[in-house]
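Read the numbers this way: they start at 1 and go in the same order the structure lists the ligands and their atoms.
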Amino acid sequence: MSYESNQNGTGLEQQLAGLDLSAKKESAPGSNPRVYVPPHLRNQPSGGNSSAKPEYQERGPSQRGGDRGGYKGGERRDDYRGGRREYESQNGDRDNYRGDNYNSRGGNSNYRGRDSDDRRSYHNNNSSGGGQNRWSDRGANRDAGAPPPTNTRWSGYSKGGSGQPQDWSTLLPRDEQLEYELFGIGNTGINFNKYEDIPVEASGDDIPECINSFDDIQMTEIITNNIALARYDKPTPVQKYAIPVIISGRDVMACAQTGSGKTAAFLVPILNQMYERGPLPTPPAGRGYPSRKKVFPLGLVLAPTRELATQIYDEAKKFAYRSQLRPCVVYGGSNVGDQMRDLDRGCHLLVATPGRLVDMLERGKIGLANCRFLVLDEADRMLDMGFEPQIRCIVQENGMPRTGDRQTLMFSATFPKEIQLLAKEFQRNL
Ligand SMILES: Nc1ncnc2c1ncn2[C@@H]1O[C@H](COP(=O)(O)OP(=O)(O)OP(=O)(O)O)[C@@H](O)[C@H]1O
């Protein structure tokens with residue numbers, strides 16, 4: 001899938017382009033909208049456990065498709081160069097680079113969110129996945145009427161433990177104070193309506209249709225609830241195209257400018273899949289810390305700077321609200337001991353700068369064997385900053401599931417040769 005770039009705004013300009021590099025033939029998500037059924041209730045005889053009825057309503061018949069804007073379904077574009085920003089040259093600890101000269105996320109809120117009490121309502125303090133937890137085989141468990149988008153990379157996944165799969169798909173109770181801290185700070189001031197007519201080009205075989213509303217695709221109540229709390233009325237262009245493609249389990253290479261809403265474009269579909277599947281069993285610890293002190297995140301987001309990593313983490317906390325999923329962030333220039341203590345409280349989604357993550361991997365504090373989602377955010381910038389060796393070490397030398405066994409999403413403002421080569425190596429079906 002490729003989104004053709006186009007500058008057409010004053011003020012905050014946006015260009016986006018994306019490329020889905022896989023060619024999996026799956027039907028479009030949401031093309032047969034039905035009542036959402038949480039995974040643990042699927043394949044049950046009717047009249048089953050009525051106390052656990054899903055809350056989703058029947059959806060209207062025409063919630064998908066419609067005006068696809070500038071979608072052209074054309075060829076992949078390798079020549080995208082627009083909108084390059086100037087970065088300050090990097091010296092010393094690159095992980096500590098704060099991007100002062102980099103206007104990241106225009107209009108972002110003043111929410112800081114790393115105070116200790118911000119985390120008090122993250123309920124799952126185990127390291128990622130307990131012995132009895134498992135990700136269910138969605139292919140096998142989905143009933144005949146369940147919605148089509150599915151990530152089949154997990155089919156045949158051997159279930160560990162003997163208990164029931166842990167249900168991560170239900171909303172946990174409200175925490176008004178936390179809710180206020182996460183969401184109660186008004187909107188971003190960005191007028192995304194201005195981006196409505198941006199032409200988007202997507203390429204790839206049988207790519208799912210874009211969505212025009214968050215209601216066009218069935219997602220867990222945790223995600224829909226948090227989208228509403230965040231006051232995301234409608235998806236931005238990159239979200240319209242990326243969310244259904246990612247939910248269908250495909251790898252994506254997307255070119256999108258800062259402030260285009262790309263963080264939610266990958267967090268929403270990734271976290272939704274995590275909620276549907278629940279946690280994985282803890283693998284053997286290997287070197288370093290014993291299993292109980294080592295964390296095995298289900299997803300990893302690599303970002304070039306501490307500032308960006310923190311922003312992604314803040315956004316992840318919003319979409320993790322009222323769930324059992326606990327996001328964490330690690331970056332250079334900050335106390336390693338504090339970050340390791342935070343990891344001890346559980347880490348299902350890890351946002352990291354490359355240098356600090358390599359440090360934690362070398363210490364044996366983090367294992368990547370359960371990592372089924374990998375995001376490289378601002379991939380071009382990470383390469384510009386010289387992080388390629390660390391990225392390769394993380395992706396290729398630390399037990400992360402191979403290409404095809406994980407979902408790999410790359411976001412980049414530009415698409416130079418080096419990024420294309422990295423995408424070819426890290427992504428499926430290129
Ligand atoms: N659909 C939406 N509706 C309203 N606001 C949104 C939507 N999507 C994202 N936002 C908000 O817009 C702002 C910019 O989005 P975001 O930070 O995700 O962009 P980005 O492309 O990831 O930027 P950056 O490159 O700085 O990370 C954020 O404050 C985010 O909460």
Side-chain angles (χ1 to χ4, degrees), residues 3 5 9 11-18 83-85 87 97-113 181-196 198 200 210-217 219 223-224 226-244 246 252 254-271 301-321 329 331 351 353 375-382 384 409-414:
Y3 304 118
S5 65
L12 184 66
E13 291 178 339
Q14 176 189 7
Q15 301 175 4
L16 60 93
R84 194 63 193 267
R85 301 171 297 270
Y87 304 133
Y97 173 57
R98 304 194 50 134
D100 293 340
N101 200 28
Y102 172 62
N103 182 20
S104 173
R105 299 184 187 230
N108 208 353
S109 70
N110 59 2
Y111 176 70
R112 291 285 176 267
E181 289 170 9
L182 292 173
F183 302 102
I185 41 182
N187 68 34
T188 58
I190 301 174
N191 179 7
F192 284 111
N193 288 327
K194 277 175 45 179
Y195 301 155
E196 274 299 293
I198 286 181
V200 173
C210 74
I211 55 171
N212 290 302
S213 153
F214 287 113
D215 293 332
D216 285 352
I217 198 156
M219 293 188 277
I223 289 290
T224 31
N226 292 333
I227 285 174
L229 284 171
R231 300 183 200 86
Y232 288 7
D233 296 332
K234 57 183 164 190
T236 68
V238 69
Q239 292 165 0
K240 285 181 183 180
Y241 284 83
I243 288 174
I246 297 170
V252 168
C255 292
Q257 290 297 293
T258 185
S260 58
K262 62 184 162 55
T263 310
F266 62 77
L267 284 180
V268 162
I270 286 177
L271 296 191
V301 182
L302 286 177
T305 64
R306 165 191 186 140
E307 182 199 42
L308 183 60
T310 306
Q311 289 172 352
I312 296 166
Y313 170 65
D314 288 346
E315 201 76 352
K317 285 195 292 187
K318 292 183 188 172
F319 293 110
Y321 174 58
V329 64
Y331 46 74
V351 186
T353 51
V375 181
L376 304 187
D377 197 10
E378 302 208 350
D380 54 349
R381 196 172 171 201
M382 286 199 277
D384 284 354
L409 315 171
M410 290 177 61
F411 289 80
S412 188
T414 61

If we ignore hydrogens and angles and just use 3.5 Å, is the side chain of [X] paired with the main-chain N or O of [Y] as donor and acceptor?
X      : Y      : answer
Arg231 : Phe183 : yes
Thr310 : Arg306 : yes
Asn226 : Ile223 : no

May I ask you to list the atoms of ligand 1 that are less than 4.0 angstrom from any heavy atom of [X]?
X      : value
Glu378 : 25 (O)
Gly259 : 19 (O), 20 (P), 21 (O), 23 (O), 24 (P), 25 (O)
Leu308 : 27 (O)
Lys234 : 1 (N), 2 (C), 3 (N)
Ser260 : 19 (O), 20 (P), 21 (O)

Among Thr263, Leu267, Val268, closest by heavy atom to atom 18 (O) of ligand 1 is Thr263
So CG of Leu302 and CD1 of Ile312: to nearest 0.5 Å the spacing works out to 9.5 Å
To the nearest 0.5 Å, atom CG of Asn212 lies from atom NZ of Lys240 at 5.0 Å
Residue set satisfying side chain to side chain contact (heavy atoms under 4.5 Å, CB included) with Ala265, at least two apart, ordered chain then number -> Val238, Gln239, Ala242
Asp233 N/O under 3.5 Å from ligand 1 N/O:
no
Contact region, Glu315 to ligand 1, non-hydrogen atoms below 4.0 Å, reads side chain
